S.K.: 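I am attaching a structure below and will ask some questions about it afterwards.
Start at 1 with the first residue, then count along the sequence. Computed from a predicted structure; not experimentally measured.
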Amino acid sequence: MQSRPQDRPLALSAGKSHSPTNGREERVYSDADSMEEEADFNWEEYLEETGATAAPHTAFKHVDISLQTSFQPGMKLEVANKSRPDTYWVATIVTTCSQLLLLRFSGYGDDRKADFWCDVMTAELHPVGWCTQNNKTLQPPEAIKDKYSDWTDFLIQDLTGSRTAPANLLEGPLRGKNTVDLIVEGSVMEVRDLTDPYLYWAARVAQNIGGRLRLRHVGLQDDAHDTWLFYLDVRLRPLGWAQENRLSLEPPAELRGLKSALEWQEALEAARSEAQQNPLPLEVFKDHADLTKHSFRTGMKLEMVSPSEPFHICPVSVTQVYNEHYFQVTVDDLTPEATPLSLVCHSESPGILPVQWCLKNGIGLERPMGYQSQDFDWADYLKQSGTEAVPDACFPDAWQSRGFAKDMWLEAVNPVRPTEVCVAQITQVRGRLLWLRLEGLPKSVPECIVDVESMDIFPVGWCETNAYLLTPPLKPVCQQQKKIAVVQPEKQLAPPQPVETIPLDLCEPVAMDTGSANGRYCCSKIYVNQRCFSGPYLNKGRIAELPQAVGPGKCTLVLKEVLSMLINAAYKPGRVLRELQDVEEQHWDCHEETLKAKYKGKTYRSSIRIVRLAEQIPDFCRKVCVKLQCCPNLFSPVQVTDQCPENCSMQTKTKYTYYYGKKKKLSKPFGGEESLEAKPTRRRKKRKAIFVQKKRRSSAVDYTPAGSPQDSDEDEDEDDLMLQSGSEEGTSSEPREDHIDTSSVEVANSRPRRTVTLRRATHTGIASGSREGPESRRRSTRSLSYNQGNKYHPPKRQEMQVECSEAECRLVLERNPLEWSVEDVVTFITSTDCAALANIFQEQDIDGQALLLLTLPTVQECMELKLGPAIKLCHQIERVKVAFYAQYAN
């Protein structure tokens, strides 16, 4: 064992929590703690309202690694045969997805046709050798049993040099857990000293926040000297590692005087005894990076982010080389009474830089303490000290693959108070260094400097995912009063009423779950099966633009993303948001999330209940699809590659809604009414006439689904569906003379040519045909109007009417438009002067029934057409309606 230097440099304080005695410093850097939080900080709202961008998740390599499972591709295990469950065979892990494993039986080679997925939590999986120990039969699958004559010899060759899946991850309490979840409170490991690579001491895990560990040295009871390290830090080793490598196991020098040598030893023995009962799996350390050899020599100089105050860069010197992996650097201090500040480094330590790095990147270099000249020059400094600079080749460049940029946002550890994680903005990027402005701290605090390889920075949402408190900006952008379950335009909200304060002692604390329990709170991918039927709510064209899958990840986060995408793909997002309020079952384990929808410049918010457990996701997805009247497989954990099992490709929006929908006009759900805030009633504005004023008449054909309320005071501007606009929007129980249809066309018959006014149907259903007798149908060719007594009156002279020639308006249909398919509709539109719009009918699955329901407002809103093209299109649609009435309405 190599000896340690006698004059041990001072330990750094940057990696440890400060002592409570330093009260002034605590107040300066934790001012946000004394503030009473008036509102929950929401990253999504903050980024949206500030127009900011989050740093990409792929830039945080250590976080990506922490989300990976403990199972690795290439591991071997024994699996029960599907055809004969009483026999087993060896399988290889092809890939992993959370607690799901893609397996291939040995003997298939590179053939992927028999690969299969299984859930670690439910499948019967065992480590290699389990069958031999338990007298179980090893037998190859039926499909390949004749491939080899001697399977025993094949297994010997196949298993030689391979890794078996750990038994503790396949059975018992650790079954299916991710690597991070294996580290539990009370786990014991060894921590390398900051200033001596040959010195270790045992520490207990006091807290595990998504892999960020709060460690407490064995023998200490309070948290004054706790250390925060990410579990991938090279300073961490399994218990017993120091003894195996003949290194010293002693408390850090600055803590050694707190107890006697006997007390330290007794505490260590007690920790070893606890660790034997609940050992920390070695899989925890499998992702630790292997250190590369360095070329640093004693006396060389370089630049480094100050280890004690990471707000500036200063010159440092290599003062000792321990071995081919570790060396010691000391901050240059030329004052006579200087106390050396040293740190153990390796070639890939974050924050070490070559000489003149600051000059090349336009960054100021802090002059060494006691340096006489005002202007620091490296050439003069090296000449005066008789030293040399570290060659640039000694510094790795792996950081170049990262994607950080100026003005991106992330979450970062407060370097002065490691317990605190703050909202942070990148103010500049220079090479491998980032300058961060930490929010929630006083403005006088300088920007801290971190390396792109630092494990003290995290992506947006990391704290929320791991149920850890995030220090928000001092003046959050989000609203002070949180609105729950309000689905109405924010611009029309009534002024907030005074809220009755509830005594804090009456509120029961809610236990926060970290979502780490054996993978139950994580799900695999949720697929958006874009070929499936999209229903009356969702725009098929927008569905086609969505990603094919979301996940894997935490259930609530994945489902929130999927639901947000579906809301944005809706014809009327606010209506879909309203429907999602009622998707809930009593037996579900749910988590409440606030979702938003934007439509016509208005923002809608609603509190939606989302399941938290992976086994409830299929049921949840299906219930949501049924609620939205789309195919149950539109979004699902199952990917539909060819033909949907529901055979939904045979359906169109009208037919599918009729057979599988509610068979009535969808109004506000009763369950959602109770949660809606009351809003003042308002009179509907009269629509300006485009062709002629709308007027109500008696003889008509109803295109509204059966059971639809005809006379409603409900404001339907924001709620009606595209295909359910058969009844007049906003009509009241009293007839109004300002409602007359938007077009006038001529019907050719044996009578003299005259102009007639048509309107949308409001009374009888298409499926049953017109219920009026011949006399009623004869009268319907005239412009009619209602008065308060429901009596007929001839049209007024001043009413505007649009006339067209008989040759233009006459349309003879060879087939009933109620039977038209989507292709028939596209063919018709292509034959008119609106051929450029045919692709819209194809994308939105508009068949003949849906075509007859289209009106000018619907065309403008759902097809997003300007007034001119919309009028031209509606003219062609009215021609079909007139021909339908003349030929098939009876």
Side-chain angles (χ1 to χ4, degrees), residues 44 48 487 489 525-551 558-580 583 595-606 608 621 624-636 639-640 644 646 648-649 651-657 660-661 666 717-725 822 825-826 829 836-847 850-851 853-854 857-866 869-870 873:
E44 183 181 358
E48 179 181 349
V487 185
K525 291 182 179 181
I526 294 182
Y527 295 94
V528 180
N529 297 308
Q530 299 167 344
R531 295 184 179 180
C532 288
F533 174 68
S534 57
Y537 290 93
L538 305 177
N539 187 317
K540 190 175 183 67
R542 296 174 188 167
I543 290 288
E545 298 174 356
L546 298 179
Q548 294 183 349
V550 179
V558 173
L559 287 176
K560 182 180 179 181
E561 179 66 20
V562 171
L563 295 180
S564 298
M565 293 193 311
L566 292 179
I567 291 171
N568 293 330
Y571 291 111
K572 294 184 178 181
R575 183 59 188 273
V576 171
L577 196 59
R578 183 188 300 275
E579 293 294 328
L580 292 177
V583 181
L595 300 183
K596 296 191 302 181
K598 287 188 175 181
Y599 182 60
K600 289 189 174 181
K602 302 171 185 176
T603 302
Y604 304 80
R605 299 178 191 274
S606 176
I608 307 299
C621 292
V624 170
C625 290
V626 171
K627 190 70 176 176
L628 299 183
Q629 299 188 41
C630 59
C631 174
N633 294 321
L634 179 63
F635 78 100
S636 166
Q639 184 177 17
V640 177
C644 176
E646 300 287 333
C648 64
S649 60
Q651 304 298 336
T652 62
K653 288 187 182 294
T654 306
K655 295 177 182 177
Y656 196 91
T657 303
Y660 298 97
L666 300 177
D717 265 353
E718 305 298 330
D719 294 334
D720 283 352
L721 302 180
M722 180 189 73
L723 301 179
Q724 296 165 341
S725 55
V822 177
V825 173
V826 172
I829 297 298
L837 305 177
N839 63 320
I840 299 180
F841 289 80
Q842 183 73 51
E843 290 177 356
Q844 300 193 14
D845 282 342
I846 297 178
D847 60 356
L851 180 71
L853 298 179
L854 293 180
T858 305
V859 167
Q860 285 185 278
E861 292 177 10
C862 299
M863 295 188 178
E864 300 177 353
L865 297 179
K866 294 183 179 179
L873 178 60

S.K.: How long is the span from the CD atom in Gln530 to the CZ atom in Phe635, to the nearest 0.5 Å?
M.R.: 14.0 Å

S.K.: Using the side chain to side chain contact (heavy atoms under 4.5 Å, CB included) rule, take Leu851 and Phe841 through it: C-alpha gap first, then chi angles, then the decisive distance, then the call.
M.R.: CA-CA 9 Å; Leu851 180 71; Phe841 289 80; 3.7 Å; yes

S.K.: Do the side chains of Leu559 and Cys621 get nearer than 4.5 Å, heavy atoms only?
M.R.: yes

S.K.: Identify the heavy atoms of Pro573 and Lys598 that sit nearest to each other, and give their distance.
M.R.: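 Closest approach of Pro573 to Lys598, heavy atoms only: CG-O, 3.4 Å.
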
S.K.: Which heavy atom in Gly551 sits nearest to a heavy atom in Val558, and how many Å separate them?
M.R.: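 Of all heavy-atom pairs spanning Gly551 and Val558, the closest is CA-CG2, 4.1 Å.
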
S.K.: To the nearest 0.5 angstrom, please state how far the CE atom of Met863 sits from the CG atom of Asn539.
M.R.: 10.0 Å

S.K.: Taking all non-hydrogen atoms of both residues into account, name the closest pair between Ala597 and Ile567 and its distance.
M.R.: CB-CG2, 3.4 Å

S.K.: Would you check, one step at a time, whether the test side chain to side chain contact (heavy atoms under 4.5 Å, CB included) holds for Gln844 with Tyr571?
M.R.: CA-CA 10 Å; Gln844 300 193 14; Tyr571 291 111; 3.2 Å; yes

S.K.: Rounded to the nearest 0.5 Å, how far apart are CG of Asn529 and CG of Leu546?
M.R.: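 It is 11.5 Å, given to the nearest 0.5 Å.
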
S.K.: Taking it one step at a time, do Leu634 and Tyr527 satisfy side chain to side chain contact (heavy atoms under 4.5 Å, CB included)?
M.R.: CA-CA 8 Å; Leu634 179 63; Tyr527 295 94; over 6 Å; no

S.K.: Identify, with sequence neighbours excluded, every residue that meets side-chain contact (heavy atoms from CB on, under 4.5 Å) alongside Lys560.
M.R.: Glu44, Ser564, Glu593, Leu595, Ile610

S.K.: Between Glu646 and Asn633, is the side chain to side chain contact (heavy atoms under 4.5 Å, CB included) condition met? List the steps.
M.R.: CA-CA 8 Å; Glu646 300 287 333; Asn633 294 321; 3.6 Å; yes

S.K.: If you round to the nearest 0.5 Å, how far is CD of Glu579 from OG of Ser606?
M.R.: 11.0 Å

S.K.: If I take atom CG from residue Leu580 and atom CG from residue Leu566, how far apart are they, to the nearest 0.5 angstrom?
M.R.: 8.0 Å

S.K.: Can you see which heavy atom on Cys631 is nearest to which on Cys648, and at what distance?
M.R.: SG-SG, 3.5 Å

S.K.: Please list all pairs meeting salt bridge (charged side-chain N to carboxylate O under 4.0 Å, His left out) that have one or both residues in residues 561-571, counting only residues at least two apart or in different chains.
M.R.: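 Applying salt bridge (charged side-chain N to carboxylate O under 4.0 Å, His left out) to every pair that reaches into residues 561-571, excluding sequence neighbours, yields nothing.
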
S.K.: Compare all side-chain heavy atoms of Leu865 with those of Ile840 and state whether any distance is below 4.5 angstrom.
M.R.: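 Heavy-atom side-chain distance check passes, below 4.5 Å.
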
S.K.: Is any side-chain heavy atom of Lys525 less than 4.5 Å from a side-chain heavy atom of Val550?
M.R.: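 They are not in contact (no side-chain heavy atoms under 4.5 Å apart), so the answer is no.
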
S.K.: Which pair of heavy atoms, one from Leu577 and one from Ile608, lies closest together, and at what distance?
M.R.: O-CD1, 3.9 Å

S.K.: Does the salt bridge (charged side-chain N to carboxylate O under 4.0 Å, His left out) test come out yes or no for Lys540 and Glu843, once each step is laid out?
M.R.: CA-CA 6 Å; Lys540 190 175 183 67; Glu843 290 177 356; over 6 Å; no

S.K.: Of all residues at least two apart in sequence or in a different chain, which pass the salt bridge (charged side-chain N to carboxylate O under 4.0 Å, His left out) check with Arg531?
M.R.: none

S.K.: At their closest point, which heavy atom of Tyr537 faces which heavy atom of Leu628, and how far apart are they?
M.R.: CD1-O, 3.1 Å

S.K.: What's the spacing between Ile829 CD1 and Asn839 CG if we round to 0.5 Å?
M.R.: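 Separation between the atoms: 11.0 Å.
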
